[in-house]
Q: 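Please find one structure pasted underneath; my questions will follow.
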Amino acid sequence: ASIVTRVHVPTGARVRKGDPLVSVSERRISSALGDTEVAVSRQLGLKRQTLAASLEGQDELLAEKRGAFAQRLSISRLELEEVHDQERIQVERAEAADRIFEKWSTDGKDVISAVQIAQQRDQMLQARARVSELRQQRLRLQREIAQIQADLTSVPLEIEASKSGL
């Protein structure tokens with residue numbers, strides 16, 4: 001309720017529609033408005049704190065993801081180096097097995113038994129198969145490294161998109 005500050009019409013007087021009868025204090029209305037402003041201000045403050053905490057959490061998440069991707073990238077690169085080294089060695093073994101098989105097959109038939117030649121052929125085929133496996137493993141690791149690098153690039157963009165949604 002408001003406070004009447006002035007009476008415009010004496011008691012018993014005739015009035016027409018729209019004639020002012022009394023004036024009331026706007027103090028009560030201003031008080032309610034002030035209370036609303038305070039409540040809105042509090043809510044905005046709480047929302048600001050929540051958003052700040054969420055942004056901080058997003059930054060921490062970004063740092064964690066970057067660290068995890070960097071570690072995976074480092075490990076994958078080391079694995080790739082190891083596989084590449086193994087592949088080089090296995091290629092040399094396969095080439096040596098090929099040369100021995102060819103030499104035994106053409107020049108050594110009188111000296112080397114058919115069983116030994118067959119065993120050498122088997123070793124040659126196994127060495128070739130191992131080279132093929134290592135090449136596939138190398139290609140898989142290269143794809144994995146490319147994917148990790150792409151993920152590492154996209155994580156900040158995803159975090160920024162998440163932040164802008166806040």
Side-chain angles (χ1 to χ4, degrees), residues 27-166:
R27 190 173 184 197
R28 184 79 161 154
I29 295 169
S30 295
S31 175
L33 183 60
D35 290 346
T36 302
E37 286 177 353
V38 168
V40 167
S41 179
R42 279 191 198 131
Q43 288 297 322
L44 287 174
L46 290 173
K47 186 67 174 178
R48 195 173 299 118
Q49 289 175 348
T50 302
L51 287 173
S54 183
L55 287 173
E56 184 177 318
Q58 293 292 325
D59 289 339
E60 289 172 3
L61 179 63
L62 174 60
E64 287 175 18
K65 282 187 173 186
R66 276 185 173 160
F69 282 130
Q71 185 177 16
R72 280 182 50 205
L73 189 59
S74 176
I75 290 169
S76 293
R77 284 179 174 155
L78 290 173
E79 284 181 52
L80 181 61
E81 286 178 33
E82 181 64 30
V83 166
H84 191 63
D85 290 344
Q86 288 177 12
E87 182 182 2
R88 273 195 302 264
I89 291 168
Q90 198 60 39
V91 164
E92 289 178 22
R93 285 182 177 168
E95 289 170 352
D98 282 348
R99 285 190 303 272
I100 291 170
F101 175 72
E102 287 300 318
K103 185 165 179 90
W104 286 7
S105 294
T106 56
D107 300 337
K109 286 188 177 183
D110 296 335
V111 180
I112 299 170
S113 72
V115 172
Q116 288 175 317
I117 293 173
Q119 287 173 342
Q120 185 59 36
R121 181 177 185 277
D122 185 52
Q123 285 180 358
M124 174 193 69
L125 294 174
Q126 287 178 8
R128 286 181 183 174
R130 181 67 181 136
V131 168
S132 178
E133 290 170 7
L134 288 168
R135 284 185 178 144
Q136 289 175 0
Q137 189 175 359
R138 179 175 44 86
L139 291 172
R140 182 190 56 78
L141 283 167
Q142 287 172 334
R143 282 191 302 271
E144 184 178 316
I145 287 170
Q147 183 61 51
I148 292 170
Q149 288 172 327
D151 291 344
L152 192 56
T153 302
S154 70
V155 166
L157 300 175
E158 291 171 9
I159 297 294
E160 285 303 316
S162 177
K163 282 181 179 180
S164 67
L166 296 176

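Heads up: numbering here begins at 1 and tracks the sequence. Quick caveat, the model's predicted, so the values are computed rather than measured.
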Q: I'd like to check I89 versus R93 (side-chain heavy atoms, cut-off strictly below 4.5 Å). Are they in contact?
A: yes
Q: If you compare all heavy atoms of W104 against all heavy atoms of I117, which two are closest, and at what distance to 0.1 Å?
A: O-CD1, 3.6 Å
Q: Which atom names give the shortest non-hydrogen contact between S76 and I145, and what distance separates them?
A: CB-CG1, 3.6 Å
Q: Taking the basic N atoms (NZ, or NE/NH1/NH2) and the acidic carboxylate oxygens, is any pair closer than 4.0 Å for R130 and E133?
A: yes
Q: From L44 CG over to R42 CZ, what is the distance, rounded to the nearest 0.5 angstrom?
A: 12.5 Å
Q: Is the backbone of A70 close enough, under 3.5 Å, to the side chain of S74 for a donor and an acceptor to pair up by distance?
A: no
Q: Rounded to the nearest 0.5 Å, what's the gap from OG1 on T50 to CD on Q43? Could you check?
A: 9.5 Å
Q: Go through it in stages, so that I can follow the logic: the residues are I75 and E79, the test is side-chain contact (heavy atoms from CB on, under 4.5 Å), and I'd like the CA-CA distance, side-chain angles, deciding distance and then a yes or no.
A: CA-CA 6 Å; I75 290 169; E79 284 181 52; 3.4 Å; yes
Q: Report the distance from atom CD1 of I100 to atom CD of Q116, rounding to the nearest 0.5 Å.
A: 12.0 Å
Q: Only distances under 3.5 Å count here; give the side-chain donor-acceptor pairs of residues 151-159 to other protein atoms, sequence neighbours excluded, each with its distance to 0.1 Å.
A:
from, atom 1, to, atom 2, distance (Å)
D151, OD1, Q147, NE2, 2.8
T153, OG1, Q149, O, 2.9
S154, OG, A150, O, 3.4
S154, OG, D151, O, 3.1

Q: Nearest 0.5 Å please: distance from the CG atom of L61 over to the CD atom of E56.
A: 12.5 Å
Q: How many angstroms lie between atom CZ of R128 and atom CD of E95, to the nearest 0.5 angstrom?
A: 10.0 Å
Q: What's the separation between atom CZ in R138 and atom CD in E87, rounded to the nearest 0.5 Å?
A: 4.0 Å
Q: Please evaluate residues D98 and R121 with respect to the criterion side-chain contact (heavy atoms from CB on, under 4.5 Å), reporting the C-alpha separation (whole Å), side-chain torsions for both, the decisive distance (0.1 Å), and the verdict.
A: CA-CA 8 Å; D98 282 348; R121 181 177 185 277; over 6 Å; no
Q: Between Q90, E92, H84, Q86, which is the residue that forms a side-chain hydrogen bond (donor to acceptor under 3.5 Å, both in side chains) with R88?
A: H84
Q: Checking salt bridge (charged side-chain N to carboxylate O under 4.0 Å, His left out) for the pair E144/R140: CA distance, chi angles, key distance, verdict?
A: CA-CA 6 Å; E144 184 178 316; R140 182 190 56 78; 3.3 Å; yes
Q: Are any of the side-chain heavy atoms of E37 and V40 separated by less than 4.5 Å?
A: no
